[in-house]
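This report concerns only the one structure given below.
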Number of protein chains: 2
Amino acid sequence: MLPFTVELRTGASVYEQLVYAVQRAIVSNQLSPGDRFPSVRTLSQELRINPNTAQKVVTRLVDQGLLVVQPGVGTLVAQLPESSQKERSELLLREVEQLVVEARRLSLTFDQVVEAVQSHWIRLSEMQPTHEREQVAAEEAVSE
Amino acid sequence: MLPFTVELRTGASVYEQLVYAVQRAIVSNQLSPGDRFPSVRTLSQELRINPNTAQKVVTRLVDQGLLVVQPGVGTLVAQLPESSQKERSELLLREVEQLVVEARRLSLTFDQVVEAVQSHWIRLSEMQPTHEREQVAAEEAVSE
DNA sequence: CTAACTGTACTATTATACCTAGTACAGCTA
DNA sequence: TAGCTGTACTAGGTATAATAGTACAGTTAG
């Protein structure tokens with residue numbers, strides 16, 4: 001049983017989908033800093049994917065600073081790393097623009113987009129693992 | 001001289017980049033409804049890409065309703081089409097969530113994300129072609 | 001009508017990325 | 001020592017992107 005949820009769909013690569021699923025789990029505290037992350041072999045068996053694909057995912061997440069490796073021991077979930085100004089600018093320049101372009105293509109209003117962002121922000125804040133964390137008020141999360 | 005700007009980079013496919021560039025141009029009114037869209041052959045020559053790739057782009061944009069074809073005549077920029085509820089839901093569910101996950105990975109705040117969305121919304125609103133349109137106040141655009 | 005443009009539909013080839021399969025090795029720990 | 005960990009290789013199969021070239025039907029300007 002893996003400590004996070006993945007739904008592999010067609011369209012994007014297994015690699016990209018798995019990286020995203022783990023990012024999502026960490027960012028929403030389904031995986032907490034210090035938690036053990038499944039081994040490459042466990043991942044590949046549970047998800048029935050190739051060990052190389054699983055390892056590629058781990059490598060990518062380590063590069064992003066979301067996982068840390070203890071050689072010979074295993075992989076742990078890291079603290080959310082400091083992000084560089086460059087990374088943040090890239091996101092705000094490219095991904096946000098793409099979202100805005102898509103939104104306007106679909107004739108959405110600015111307010112609708114902001115509402116959607118807020119809604120997802122709250123949802124991710126609420127995704128605490130049930131066994132060890134208390135609920136966080138939605139309003140508090142948004143104003144963080 | 002093409003009526004929109006494209007910068008082909010490595011990473012994404014030429015096809016995806018070109019579709020996005022045209023979407024961006026239409027959504028920001030650099031291309032206005034009724035404008036002639038370059039022919040497949042013109043596109044392929046100006047951008048030095050294969051005619052098939054150019055045609056694939058046109059086909060995709062026609063499917064999205066952003067371009068309309070007049071057989072034997074050419075391709076025109078369409079009115080922004082009605083979007084289906086399904087399309088809008090897909091966007092708000094998937095793309096917005098991906099943006100929120102990325103933003104939290106980089107430790108951005110909710111307010112920073114909203115500010116970035118607003119900034120791009122205004123920028124796209126201001127991108128009118130200089131020869132025929134008046135400036136639109138940024139505040140007005142955001143409240144649309 | 002003719003010529004020159006338009007979009008569209010094919011076949012075929014090459015290059016790249018993704019995924020798969022299998023093997024091997026070094027480090028840590030019970 | 002035995003069994004786990006991450007990591008590093010070599011290969012092969014498949015899907016997609018991009019390339020090149022040819023052909024055809026519809027529209028329009030001359």
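Hydrogens, waters and symmetry mates play no part in the numbers below; they use all other heavy atoms, side chains included. Please read all numbers here as calculations on a predicted model, not as lab measurements. By convention in this document, chain letters (A, B, ...) are assigned in the order of the sequence lines, proteins followed by strands, and residues within each chain are numbered from 1.
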Counting side-chain heavy atoms from CB outward, which of D:dT28, C:dC25, C:dT8 is closest to A:Arg41? C:dC25
In whole angstrom, what separates A:Arg36's CZ from C:dT29's C1'? 11 Å
Spacing of A:Leu76 atom CG relative to C:dC28 atom C1', expressed in whole Å: 13 Å
Would you call the rings of B:Phe110 and A:Trp121 parallel, tilted or perpendicular, taking 30° and 60° as the class edges? perpendicular
Taking all heavy atoms of A:Leu80 and all of B:Arg104, pick out the closest pair and write down the distance. CD1-O, 3.4 Å
Ignoring the backbone of A:Thr75, work out which of C:dG7, C:dC10, D:dG6 is nearest its side chain. D:dG6
Have a look at A:Thr53 and say if it touches a base, only the backbone sugar-phosphate, or nothing, with a 4.0 Å heavy-atom cut-off. base
May I ask you to say what A:Gln55 touches in the nucleic acid, namely base, sugar-phosphate or nothing, with a heavy-atom cut-off under 4.0 Å? base
What is the distance, rounded to the nearest whole Å, between atom CG of A:Leu47 and atom P of C:dC18? 18 Å
From CG of B:Leu43 across to P of D:dT19 the rounded distance in Å is 13 Å
Whichever of A:Tyr15 and A:Pro71 has its nearest DNA chain C nucleotide further upstream toward 5': A:Tyr15
Rounded off to whole Å, could you give me the CG-to-C1' distance for the B:Asn50 and C:dA9 pair? 14 Å
Could you tell me if the side chain of A:Glu95 sits less than 4.5 Å from the side chain of B:Glu95, heavy atoms only? no
Please state whether the phosphate of C:dC18, meaning OP1 or OP2, lies under 4.0 angstrom from any side-chain nitrogen or oxygen of A:Ser13. no
CG of B:Leu18 versus C1' of D:dT19: gap in Å, rounded? 16 Å
Distance in angstrom units between A:Glu16 CD and C:dC19 C1', rounded: 13 Å
Evaluate the side-chain proximity of B:Gln64 to B:Leu61: yes if any heavy-atom separation is below 4.5 Å, no if none is. yes
Closest non-hydrogen atom pair, A:Val40 against A:Ala54: O-CB, 3.7 Å
How close or far is atom P of D:dA8 from atom NZ of A:Lys56, stated in whole angstroms? 14 Å
Given that A:Gly72 and A:Asn52 both sit by DNA chain C, which one's nearest nucleotide is further toward the 5' end? A:Asn52
